[in-house]
Amino acid sequence: MAPRKRPGRGFSDIFCCFKGSDHPEITYRLRHDSNFPLQTMAPSLPMPPEEELDAMFSELVEELDLSGKHREVMFALPAEKKWQMYCSKKKEGEESKGATSWPEFYIDQLNSMAARKTLIALEKEDEEERNKTIESLKTALRTQPMRFVTRFIDLDGLTCILNFLKSMDYDTTESQIHTSLIGCIKALMNNSQGRSHVLSHTESINIIAQSLATENVKTKVAVLEIMGAVCLVPGGHRKILEAMLHYQKFACERTRFQTLLNDLDRSTGRYRDEVNLKTAIMSFINAVLSQGAGESSFEFRIHLRYEFLMLGIQPVIDKLRSHDNSTLDRHLDFFEMLRNEDELSLAKRFDTVHIDTKSATQVFELIKKKMSHTDAHPHFISVLQHCLLMPYKRSGNTVQYWLLLDRIVQQIVLQNDKGHDPDVTPLENFNVKNVVRMLVNENEVKQWKEQAEKMRKEHHELQQKFDKKERECDAKTQEKEDMMQTLNKMKEKLEKESSEHKQVKQQVADLSAQLHDLSTNKLEGTVWTDVDDINVFKILDLEDIEKTFSAYQRQQKESEDDTVTSKKVKELSVIDGRRAQNCNILLSRLKLTNEEIKRAILTMDEHEDLPKDMLEQLLKFVPEKSDVDLLEEHKHELDRMAKADRFLYEMSRINHYQPRLQSLYFKKKFAERILEVKPKVEALIRASKEVLQSRNLKQLLEVVLAFGNYMNKGQRGNAYGFKVSSLNKIADTKSSIDKNITLLHYLITILEHKYPKVAVFQEELQSVPEAAKVNMTELEKDINNLRSGLKSVETELEFQRSLPQVSGDKFVSVVSQFITVASFSFSDVEDSLTEAKELFLKAVQHFGEDATRMQPDEFFGIFDQFLQAFTEAKQENENMRRRKEEEERRARMEAQLKEQREKERKSRKAKENCEEDGEFDDLVSALRSGEVFDKDLSKMKRNRKRVNSSAETSRERPVTKLNL
């Protein structure tokens, strides 16, 4: 259904006045002449009170999007006129119900058309239908109430149009569809809100400029009119320069405006008599030269005009005079007059009548005259002298140097006191290395590189030191947190055990009393009634008995330290060459001396010098018995030993070196291993509780059982349950009507309608996917490894305690503290594993499965697979439902649009007579006709008359006769 016109058009005209001295303001104007009377309308409702009427009328004025002074005119109307206008508005609103939904239809149509990027497969009728849809959107954007435009903007309709423009193929680009899309953007800019939205969009002007690449003349004209009008809007001029720079890269132009000058000069084929395009190009050029920074900056106008003159615009202008078109001649006159004015101002700076800018000799003489006897003259001569040394070969990239010099001079001329450059042509297209070579010599570059390398090394060393200290701090902090956590847990456990001990002690006392009574009765009359072993305890040496018959005997072993020094004569190596080479690689990575490594091992690496991966490698280079024997034979030649041999010898002198190293490695890896195991155990506990306690899962199984019994044998099936693995077979049962629908899709539909809570049962099984990844065999293996490792460390601790204390050896103190914390942590994990096994056993038995054969990864894997299939099927149901709703909505919209188009066709002729262009259209019209330049043209005409006689004798080219 096609959109209706904006209400109120029968009593107001919208246009822009350009006859004032200021720049054109985009506004609405109400006519007050007698030839355009307000239509007499009879309101069907009584007029409300004045305050209520003003509030209702304010809404109407907001819809018209008027400027401030015209809003005042509207509010000054009599109350009767306001009420007539409001009733008319309300009547049209009732006739066009659902207008706010139309933008959605147009956006859908644009997206679908953009998806079909080619016109080759379309019939002629389809292409016409697509163009009608876009034309209908253009009409709607011009005539519908503001709420239509607002909703179109809110739904990001502009982005849809721009995406369509970007994705068009060649055939679409050359078709009427392209022109209509540009017309839609022009219509959107015809009110203040739409115009602000287009100008604030980051890519809109750039994408519009890309349409200049088409061969469709109408499209080019529309694009140039929009871009020329944007130059007149505050902030729009710079956007146009950026857009032309973007188009230069898009079209691979050598310079900006190259395509425009080519089109302006073309006079064959479709361009032979195409005056409208040439007029649009000239109006755009004049807008670029005279608006924005060009209004106040003489240097900027000269700079841009030089760019056009370099492209050869002057001969083209002379040729365009042959068309004898008044509108085109007006634009040509403005270009000529503005140029004459600027060149006259430039000549005044050098105290001359005219400057022939094409003559290098005259330009040099003027600069030389100006610079003479000034402080800048030596530098000017220096610049010229160095220009003699600049590369001038025709081949190669030597032109880049001159282009760079040109751009630098341009930027110096254009930038203001604040360093702002009104032009947007960047200096980023030049090779930075070439610029550096031109500004600094190689020695300075070398010094900079050396300084940078030195700073990099210093930074690297500081970073290493910082990382080391950070590791130490993290390790200490973690140990402290673990210690505090362990102490709190141990305190709670001791309190609990103390309470339990008291209870047990009382029970033992009671049982002892009862046993004593029983024993007395049983021993009555025997020898045991006269025996009292308590008297014997007073005589025996209980400590000697304990020492003699203790289950574990401590062994003491004394270590001897022998040091032999000898003068180094020749390097000595007794170990295997390959082993020595690998050992040297390890030592080079450690970057520690033998003494530092030894100290780190004795102190259990309190300074975090040995990372875990290095410890793992050190365990591969533990001195073997054969190595130790060979090294002992040559210990008197210690100074001659190779680096690897010396290392192995030093490490062999550490008592119990390998168990110490293994204990240190276990200590560093313990927390990491606990963190790997604990989440798996906790996942099993949570998942087991979830499947046991989930009511929705139970209800789901009940529904599935009912489905199965009914599908197999009717309502009274024989099954009382099923294997949980059968859940994953539901998705394999397909519908006989639609093969894309399975029993799982149908089940979800039933659950959503009959059991809505059950449909979200997966929310109660959050831990099942994690538990499905747990393999009990691997988990128990990890626990056993931790247990055996902890036992080995405890054994080594007992051994080290039995030895005399050596200065600097902190094994006993560090490991004792570690064992206290680690034992409790491991005990906690063991208790959790026991609980997990018990809960898992209950869960498996709860579902009637064989607990001896079913493992957690298999059991929970069944539920995890079902959860994934359930979620996917639920999403597929949602997609099917959306597609169905979308098809129904499209059908309704198409029917509505068809009905509206029929109404539009019947009333189009009548409405065309009173339809007027909007504000942006007025701006485009004024730019197209040249009225926007009338003020400047009149001013320059007067100035030219005063200097015409003197300028006639010294022009660099003949002055063209102007049609004023």
Side-chain angles (χ1 to χ4, degrees), residues 114 117-118 162-175 178-179 181-182 185 201-224 226-228 230-231 237-271 274 277-278 280-282 284-285 288 303-313 315-316 393-408 410-411 421 423-435:
K117 298 182 180 180
T118 178
L162 296 176
N163 289 337
F164 194 178
L165 288 173
K166 288 194 294 185
S167 62
M168 288 189 301
D169 65 325
Y170 177 80
D171 293 324
T172 310
T173 304
E174 302 303 319
S175 68
H178 193 177
T179 310
L181 286 172
I182 298 298
I185 297 178
H201 195 283
T202 56
E203 293 184 288
S204 59
I205 306 300
N206 289 349
I207 296 173
I208 293 171
Q210 288 180 190
S211 296
L212 291 172
T214 181
E215 294 295 325
N216 189 326
V217 175
K218 291 184 179 180
T219 303
K220 282 191 175 186
V221 171
V223 171
L224 289 168
I226 291 176
M227 295 178 68
V230 170
C231 284
H237 187 270
R238 188 171 183 85
K239 285 183 173 292
I240 294 301
L241 291 180
E242 292 172 349
M244 295 308 300
L245 191 64
H246 168 79
Y247 181 77
Q248 178 186 349
K249 298 177 182 178
F250 174 79
C252 300
E253 292 180 320
R254 182 175 56 86
T255 59
R256 287 185 301 184
F257 311 114
Q258 182 177 338
T259 298
L260 294 181
L261 266 296
N262 291 341
D263 291 342
L264 191 65
D265 189 36
R266 292 168 73 174
S267 58
T268 57
R270 70 177 74 177
Y271 295 90
E274 193 53 60
L277 176 60
K278 301 182 187 305
I281 294 174
M282 283 305 305
F284 172 75
I285 292 174
V288 169
H303 160 72
L304 277 184
R305 189 178 294 107
Y306 283 162
E307 191 169 348
F308 285 108
L309 292 173
M310 181 186 68
L311 291 171
I313 192 174
V316 177
K393 294 181 180 179
R394 294 185 179 181
S395 59
N397 296 325
T398 56
V399 68
Q400 293 292 328
Y401 295 92
W402 294 97
L403 188 56
L404 173 60
L405 181 60
D406 184 17
R407 291 290 173 82
I408 291 174
Q410 289 179 24
Q411 188 163 334
D421 185 354
D423 201 357
V424 296
T425 305
L427 288 171
E428 62 188 12
N429 297 328
F430 301 98
N431 192 321
V432 178
K433 293 183 179 179
N434 293 339
V435 178

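The first residue in the sequence is number 1, and the count goes up from there.
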Decide yes or no on side-chain hydrogen bond (donor to acceptor under 3.5 Å, both in side chains) for Glu307 and Thr255, but give the supporting numbers first. CA-CA 9 Å; Glu307 191 169 348; Thr255 59; 5.5 Å; no
Glu242 and Ile205: CA distance, side-chain angles, deciding distance, side-chain contact (heavy atoms from CB on, under 4.5 Å) verdict: CA-CA 9 Å; Glu242 292 172 349; Ile205 306 300; over 6 Å; no
For Asn216 and Ser175, which heavy atoms make the closest approach, and how far apart are they? ND2-O, 3.2 Å
In sequence, state the C-alpha distance, the side-chain angles, and the governing distance for Gln210 and Thr173, and then conclude on side-chain contact (heavy atoms from CB on, under 4.5 Å). CA-CA 11 Å; Gln210 288 180 190; Thr173 304; over 6 Å; no
Spacing of Tyr170 atom OH and Glu215 atom CD [to the nearest 0.5 Å]: 6.0 Å
Going from CD1 on Ile285 to CG on Leu260, what distance comes out if it is rounded to the nearest 0.5 angstrom? 6.0 Å
Any residue meeting side chain to side chain donor-acceptor pair (under 3.5 Å) with Glu274, in chain and number order, not counting sequence neighbours: none
Test of understanding: with salt bridge (Lys or Arg N to Asp or Glu O under 4.0 Å), list the residues that count as partners of Asp265, not counting sequence neighbours. Lys319
Which label fits Phe250 and His246: parallel for a plane angle under 30°, tilted from 30 to 60°, or perpendicular past 60°? parallel
Rounded distance (nearest 0.5 Å) linking atom CZ of Phe284 with atom CE of Met244: 5.0 Å
Ile185 and Leu162, any side-chain heavy atoms less than 4.5 Å apart: yes
Less than 4.5 Å apart, any side-chain heavy atom of His201 and any of Ile207? no
Give the minimum heavy-atom separation between Lys278 and Asp263, together with the two atoms involved. NZ-O, 3.5 Å
Write down the atom of Glu203, the atom of Lys166, and the distance for their closest heavy-atom approach. OE1-NZ, 4.0 Å
Inter-residue atom distance Glu253.CD - Leu311.CG, 0.5 Å rounding: 9.0 Å
Test side-chain contact (heavy atoms from CB on, under 4.5 Å) applied to Leu165 and His178, step by step: CA-CA 7 Å; Leu165 288 173; His178 193 177; 3.6 Å; yes
Across all chains, not counting sequence neighbours, the ring-ring contact (aromatic ring centres under 6.0 Å, His included) partners of Phe308 are Phe257
Under a 4.5 Å cut-off applied to non-hydrogen side-chain atoms, are Ile240 and His237 in contact? no
Worked verdict on Arg266 versus Leu277 for side-chain contact (heavy atoms from CB on, under 4.5 Å): CA-CA 11 Å; Arg266 292 168 73 174; Leu277 176 60; over 6 Å; no
To the nearest 0.5 angstrom, please state how far the CG atom of Leu309 sits from the CG atom of Leu304. 11.0 Å
Straight-line distance of Cys231 SG to Lys239 NZ, nearest 0.5 Å: 12.5 Å
Test side-chain hydrogen bond (donor to acceptor under 3.5 Å, both in side chains) applied to Thr214 and Glu174, step by step: CA-CA 6 Å; Thr214 181; Glu174 302 303 319; 3.0 Å; yes
I'd like to know if the side chain of Thr172 pairs up with that of Asp169 as donor and acceptor (distance under 3.5 Å, no hydrogens or angles considered). yes
